[in-house]
> 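Below: one structure in structure tokens.
FYI, side chains are in, hydrogens and waters are out, and symmetry mates aren't considered; it's all heavy atoms of this structure.
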Amino acid sequence: MSNSDDIVTTSNGLGYTSNSAAHPESLVKPPMAPTAGEDTIEIKIEFGGGLHLLFSSQPSHKINVPRNIANSEDGQPQPVNMRYLVKWMKSNLLSEREEMFGDGDGVRPGILVLINDADWELEGELEYELRDRDEVVFISTLHGG
């Protein structure tokens, strides 16, 4: 990381750099998830295959998300699902290069997603309703080398 006249340049170790002057919005983080309580659930998120480099180089996170979210159609509460979690991760945990992780509401092809050690395709993918203490693992199957 270098610092020159209020411009901060950072590198993720893969040769990608970003300037704070070019992306000042990256200096302001959105609010984090609510603290633990009755209306939240704890989710453990892990990254493999180099994906942790997109998430502040941290391979594991424990977060709290709301137990219920408003339904987009009628505003009624519904259980939090993977669609919400992926969107939340993009807004709150992803530190760079969204296109390397996200694809629309989901994750890009080449990222294996496991929910409690089972392929998320068997669990309903984005519609899977998260439960307290679920473990979600994202593994990139695309490597250079």
Side-chain angles (χ1 to χ4, degrees), residues 1 7-145:
M1 183 168 84
I7 297 175
V8 178
T9 303
T10 58
S11 172
N12 68 355
L14 296 175
Y16 301 111
T17 60
S18 64
N19 287 333
S20 63
H23 302 286
E25 68 279 1
S26 68
L27 298 176
V28 179
K29 285 284 189 190
M32 294 303 287
T35 58
E38 288 181 24
D39 296 334
T40 64
I41 58 174
E42 181 181 278
I43 305 294
K44 182 177 182 182
I45 301 171
E46 293 188 349
F47 301 102
L51 275 179
H52 68 285
L53 296 172
L54 303 177
F55 293 87
S56 303
S57 296
Q58 293 183 1
S60 182
H61 299 263
K62 279 191 179 178
I63 64 165
N64 292 298
V65 294
R67 185 175 303 276
N68 294 297
I69 55 173
N71 184 324
S72 60
E73 295 172 9
D74 59 12
Q76 295 297 314
Q78 69 180 31
V80 67
N81 57 23
M82 282 295 295
R83 182 179 316 276
Y84 175 88
L85 179 65
V86 170
K87 184 177 178 180
W88 186 91
M89 289 171 58
K90 289 177 187 178
S91 297
N92 295 282
L93 291 181
L94 189 64
S95 58
E96 59 186 87
R97 301 204 39 134
E98 181 177 338
E99 71 277 6
M100 298 296 292
F101 178 73
D103 184 26
D105 284 347
V107 296
R108 68 180 286 189
I111 296 179
L112 175 65
V113 182
L114 303 174
I115 302 171
N116 301 321
D117 297 325
D119 190 329
W120 80 327
E121 291 178 359
L122 302 173
E123 301 290 344
E125 295 184 3
L126 292 171
E127 302 310 317
Y128 172 80
E129 294 177 358
L130 293 164
R131 290 179 238 132
D132 196 30
R133 306 209 188 274
D134 272 351
E135 181 177 279
V136 182
V137 180
F138 298 86
I139 302 170
S140 175
T141 60
L142 306 173
H143 305 288

> Taking the side chain as C-beta and beyond, is there a heavy-atom pair between Ile63 and Leu85 under 4.5 Å?
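A side-chain contact exists here, since the closest heavy-atom pair is under 4.5 Å.
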> Please report the closest heavy-atom contact between Leu54 and Leu94, naming both atoms and the distance.
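Nearest heavy atoms, Leu54 then Leu94: O-CD1, 3.4 Å.
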> Given side chains that start at C-beta, do those of Phe47 and His61 come closer than 4.5 Å, heavy atoms only?
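Phe47 vs His61: side chains touch.
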> Decide if atom CG of Asp117 counts as having more than 12 heavy atoms of other residues, nucleotides or ligands within a radius under 6.0 Å.
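Counting other residues, nucleotides and ligands, CG of Asp117 stays at 12 neighbours or fewer.
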> Which distance, rounded to the nearest 0.5 Å, do you find between the NE2 of His52 and the OG of Ser95?
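Rounded to the nearest 0.5 Å, the NE2-OG separation comes to 10.5 Å.
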> I need the minimum non-hydrogen distance between Val86 and Gly106, along with the two atoms involved.
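Scanning both residues completely, I find the closest heavy atoms to be CG1-O, 3.8 Å.
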> Please report the shortest heavy-atom distance between Leu126 and Asp105, naming the atom on each side.
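Nearest heavy atoms, Leu126 then Asp105: CD2-O, 3.8 Å.
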> Within a strict 4.5 Å, meaning less than it, do heavy atoms of the Phe55 and Ile45 side chains meet?
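Phe55 does not reach Ile45 side chain to side chain.
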> Of all heavy-atom pairs between Ile115 and Met82, which one has the smallest distance, and what is that distance?
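Smallest heavy-atom distance, with atoms named: CD1-CG, 3.8 Å.
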> Do Phe101 and Phe138 have their ring centres less than 6.0 Å from each other?
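Phe101 vs Phe138: aromatic centres under 6.0 Å.
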> Is it true that atom CZ of Arg108 has more than 12 heavy atoms of other residues, nucleotides or ligands lying nearer than 6.0 Å?
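Yes, because the 6.0 Å sphere around CZ of Arg108 holds more than 12 heavy atoms from other groups.
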> Would you say that Asn71 contacts Pro77 through its side chain, given a criterion of any heavy-atom pair below 4.5 Å between the two side chains?
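In short, these two side chains do not touch, never coming nearer than 4.5 Å.
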> Are side-chain heavy atoms of Trp120 and Leu112 found at a separation under 4.5 Å?
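Contact flag for Trp120/Leu112 side chains = no.
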> Is the NZ atom of Lys90 crowded by more than 12 outside heavy atoms at less than 6.0 Å?
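Yes, enclosed.
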> Hey, does the side chain of Asn116 reach the backbone of Glu135 with a donor-acceptor pair shorter than 3.5 angstrom?
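Pair found, side chain donor or acceptor close to backbone of Glu135.
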> Is the shortest heavy-atom distance from the side chain of Ile41 to the side chain of Val65 under 4.5 Å?
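A side-chain contact exists here, since the closest heavy-atom pair is under 4.5 Å.
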> Please report the interatomic distance CZ(Arg133) to CD(Glu42), rounded to the nearest 0.5 Å.
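With rounding to 0.5 Å, CZ (Arg133) is 4.5 Å from CD (Glu42).
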> To the nearest 0.5 Å, how far apart are CD1 in Ile43 and CG in Asn64?
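Nearest 0.5 Å value for the CD1-CG distance: 8.5 Å.
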> How many angstroms lie between CD in Glu46 and NZ in Lys62, if you round to the nearest 0.5 Å?
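It comes to 9.5 Å.
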> Judged by atom type as modelled, is there a donor-acceptor pair below 3.5 Å linking the side chain of Thr141 to the main-chain atoms of Gly110?
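Yes, the answer is positive, given that a donor and an acceptor are paired below the 3.5 Å cut-off.
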> Ignoring hydrogens, what is the shortest heavy-atom contact between Ala70 and Gly75? Give both atom names and the distance.
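Closest heavy-atom pair between Ala70 and Gly75: CB-O, 3.8 Å.
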> Tell me the closest heavy-atom pair linking Pro66 and Tyr84, and the distance in Å.
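Smallest interatomic distance, heavy atoms only, reads CD-OH, 3.5 Å.
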> For residues Val136 and Leu130, determine if any side-chain heavy atom of one lies less than 4.5 Å from a side-chain heavy atom of the other.
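Sidechains of Leu130 and Val136: in contact.
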> Can you tell me how far CG of Asn68 sits from CD of Gln76, rounded to the nearest 0.5 angstrom?
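If we round to the nearest 0.5 Å, Gln76:CD and Asn68:CG are 11.0 Å apart.
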> Has Glu73 got more than 12 heavy atoms of other residues, nucleotides or ligands less than 6.0 Å from its CD?
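Counting other residues, nucleotides and ligands, CD of Glu73 stays at 12 neighbours or fewer.
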